[in-house]
Amino acid sequence: MGNDDAGVMQKIVSLSKRRGFIFQSSEIYGGMNGCWDYGPLGVELKRNVKELWWSDMVTKHDDVSVLDGAIEPFEMTGLDCTILMHPQVWKCSGHHDLFHDMMIDCRETKRRYRHEQVRGRWARAKESRIFVTVISDPEQEQELLTARAQKFFGLRAKERDQIQWDGPIVSLVEIDDFSEVLGPDAKEIATLTEPREFNLMFKTSVGALRSDDNTVYLRPETAQGIFLNFKNVVDSSRVRIPFGIAQIGKSFRNEITPRNFTFRVREFEQMELEFFCHPDSSQEWYRYWRDRRLQWYQDLGLSGEHLRLREHDASELSHYSTGTADIEYAFPFLPEGEFGELEGVAHRGDFDLRSHMEGKLDPSTYPLEVQKGDDGKPLWKGSGKDLSYRDPVTNERFMPHVIEPSAGVDRAALAFLCEAYTEDMAPDEKGQMQGRVVLRFHPRIAPIKAAVLPLVKKDGMPEFARDIYKDLKREFPVFYDLKGAIGRRYRRMDEAGTPFCITIDGETLSDETVTLRERDSMKQIRMSVSEATQAIREAIQT
RNA sequence: GCGGGUGUAGCUUAGUGGUAAAGCACCAGCCUUCCAAGCUGGCUAUGUGGGUUCGAUUCCCAUCACCCGCUCCA
């Protein structure tokens, strides 16, 4: 699907509800902002996404061959850790600091700023004194402040020297009373609200009584649990670096503005891999995983111009990261030419393991150093446990570097749904062309793999069909439907994205052949039951 | 969090200060041998809470949700 039709997203949302892919959470109570439920078809779609990822990553991983693009064989394992973790985890990971921004709003311009990013200086002119603020690079700060002050006081350019400056440029954090503050984009003073805390991590408490002492957080990502268990996995499973630990699970972020159906939500599911490798080969592994993850989406049908890989440029990268790429999809709800992130593949160096070992590292330092508080002590203490790795063959001890492909299950499912949504034309029983809605899922993604349909409800056809249905159901999701006109049943299956229909007719009863109808082409081929079954099996396994 | 818009059946829409209309879908039955509209019958709705009023789905207020723009996007 393209984003040429602005209404296509509405149609997808409507279809999702009508056919049971996705419902608004708590709908009968009026809905819950940023929460969505998966219905009977949606849950199968989502399970397919997760199972295809898990089998590709873990269960079907070939750990004895050198895979295309890899430098050596490697092992892959899985993990399932808790959503609630020790509060120190989020302090050392950096989420605690980053997720507790103090924000201020401007009542005049409706803009929002991070409290500490607003900087300014006291200025005096025409017998009044205000605190002028800007958001700017340090080099341009004074120039912008002068321009803003000049405009506020109504001075001409050559009258600039009438402005008297009091004290140095300081953060707005130093100012208690905003009644004489000129906001960064405001024309009048006193338009800024008091700083308000935005809790981007959900808090809860352990034990019956709620207090500051027992506050814990719902995890905002699954990745940290993998780092915490790195040593456990190494000690218990005989894996050797390079190897990966994969995990699928729910995460929670208190998004300020949930938006765009299931794209930005407060409760979501992640598929994350932490791949541990030697620092010397980390760049090659980064490229390997970046390319392999892109290929995964392409193999499942997200090929073409709607999918792209975008390498972050240096200014976007964290100081400790030597590479990050986003795999992005052009969702229909986005403006033309814009893409939304499906997955981020990041080279994270040794930031995470060292942070959990030594204490939270300061991301702005190079080489990385433990972040210090005002008292000169570590801001957040690490576990003190040795998380370095000793190679049992070379005896070399080192901190592994980490490549992190982190994907959103809900976003992937939504992308597959959007990509699949197609409107085309099909003939009715009189040969007149009629509009048709079809979800062209890859057979591996499709919630239902095949429908078994008796052509008419008599002459033993339903009985024959039921036997086939029961057989197939042991292998993969199948649907049985004997009601109504055959064309209507085909269209229903098209709308659910079912790739194949097996139809039992009069001929079946004499020679045990059926017709296999393919969803996209609507072509039918007569073959034996076992040939039809095998054809479906192969399409699912491709 | 701000501004604008929307909210009627499962879906798409109509309409009204006085019994809420239709198409599709769905269910039951009949008919049907390959691509949705054959026949009969049936189910289902004014997001939630207040207010004005004899009476509110309609007018007003609040709230919730969704969409668009800003903001945010670790």
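Proteins get letters first, then strands, A, B, ... in listed order; numbering begins at 1 in each.
The partner of B/rU63 is B/rG47, by the rule that a Watson-Crick or G-U pair needs both atom distances under 3.5 Å. Base pairing annotation: B/rG3 forms a Watson-Crick or G-U wobble pair with B/rC68, both donor-acceptor distances under 3.5 Å. Under the Watson-Crick and G-U wobble criteria, each requiring two contacts below 3.5 Å, nucleotide B/rA21 is paired to B/rU13.
Between the side chain of A/Arg517 and the base of B/rC35 there is at least one donor-acceptor pair of N/O atoms closer than 3.5 Å. Remark: the A/Tyr29 side chain and the B/rC64 base include no donor-acceptor N/O pair separated by less than 3.5 Å.
Taking every side-chain heavy atom of A/Arg259 into account, B/rC70 is the closest of B/rC70, B/rC34, B/rC27. Listed nucleotides B/rU32, B/rC72, B/rC66 differ in distance to A/Gln24; the shortest reach to its side chain belongs to B/rC66. The side chain of A/Pro427 lies closest to B/rC35, out of B/rU71, B/rU32, B/rC35. Closest to the A/Arg488 side chain, of the nucleotides B/rC11, B/rC27, B/rC26, is B/rC26. With distances taken from any side-chain atom of A/Gln524 to the nucleotides B/rU33, B/rC68, B/rC35, the minimum falls on B/rC35. Distances from the side chain of A/Met461 to the nucleotides B/rC34, B/rC27, B/rU33 place B/rU33 closest.
As a whole-Å value, the separation of A/Phe464 CZ from B/rU33 P is 19 Å. Rounded to an integer number of Å, the gap from A/Arg489 CZ to B/rU33 P is 12 Å. Between the P atom of B/rC34 and the CG atom of A/Asp459 lies a distance of 13 Å, rounded to the nearest Å. Atoms CZ (A/Phe263) and P (B/rC72) sit 16 Å apart, rounded to a whole Å. Rounded to a whole Å, the CZ atom of A/Arg519 is 24 Å from the P atom of B/rC34. The interatomic distance linking A/Leu200 (CG) with B/rC73 (C1') rounds to 9 Å, in whole Å. Here B/rC34 presents its P atom at 10 Å from OH of A/Tyr490, a figure rounded to the nearest Å. Remark: P of B/rC30 and NZ of A/Lys458 are 12 Å apart, rounded to the nearest angstrom.
In terms of phosphate contacts, A/Ser14 brings a side-chain nitrogen or oxygen within less than 4.0 Å of OP1 or OP2 of B/rU12. Residue A/Gln10 places no side-chain N or O under 4.0 Å from the OP1 or OP2 atom of B/rC67. In this model, the phosphate group of B/rC72 is not approached by any side-chain N or O of A/Asn254 to a distance below 4.0 Å at OP1 or OP2. Checking the phosphate oxygens (OP1, OP2) of B/rC26, a side-chain nitrogen or oxygen of A/Arg492 falls inside 4.0 Å.
Separation of the P atoms belonging to B/rA25 and B/rU16 is 28 Å when rounded to the nearest angstrom. Distance noted for atom P between B/rU57 and B/rG47: 9 Å (whole Å). Rounded to whole Å, the separation between the C1' atoms of B/rU44 and B/rA22 comes to 14 Å. Taking atom C1' in both B/rC72 and B/rG1, one finds a spacing of 10 Å when rounded to whole Å.
Counting non-hydrogen atoms under 4.0 angstrom, A/Gly34 reaches the backbone sugars and phosphates but no base. Among the protein residues, A/Glu341 comes within range of no part of the nucleic acid, since none of its heavy atoms lies under 4.0 Å from any strand. Residue A/Arg18 is in sugar-phosphate contact alone, with no base atom involved, counting any heavy-atom pair closer than 4.0 Å across all strands shown. A/Asn33 comes within contact range of the sugar-phosphate backbone alone, with a heavy-atom separation under 4.0 Å but no base atom that close. In this structure, A/Glu221 reaches neither bases nor backbone, as no heavy-atom distance under 4.0 Å exists between it and the strands shown.
Looking only at atom types and distance, the side chain of A/Asp352 has no donor-acceptor partner in the side chain of A/Ser355 under 3.5 Å away. When only modelled atom types and interatomic distance are considered, A/Ser93 and A/Gln224 share no side-chain donor-acceptor pair under 3.5 Å. Between A/Gln524 and A/Tyr490, the side chains place a donor N or O and an acceptor N or O closer than 3.5 Å (distance only, hydrogens not considered). Under the 3.5 Å distance criterion, with hydrogens and angles disregarded, a donor-acceptor pair is assigned to the side chains of A/Asp511 and A/Thr513.
Although no hydrogens or angles enter the test, the distance criterion places no donor-acceptor pair under 3.5 Å between the side chain of A/Lys457 and the main chain of A/Lys483.
Under the 4.5 Å side-chain criterion, counting only non-hydrogen atoms from C-beta, A/Ile468 is not in contact with A/Thr533. Contact of the A/Phe152 side chain with the A/Ile189 side chain is registered, since non-hydrogen atoms from C-beta on lie closer than 4.5 Å.
For A/Arg411 and A/Phe263, the positive end sits near the middle of the six-membered ring, less than 6.0 Å away and at most 45° from its axis.
Judged by closest nucleotide on RNA chain B, A/Gly30 is the one of A/Asn260 and A/Gly30 placed further toward the 5' end. Mapping A/Lys457 and A/Phe261 onto RNA chain B via the closest heavy atom, the residue that lands nearer the 5' end is A/Lys457.
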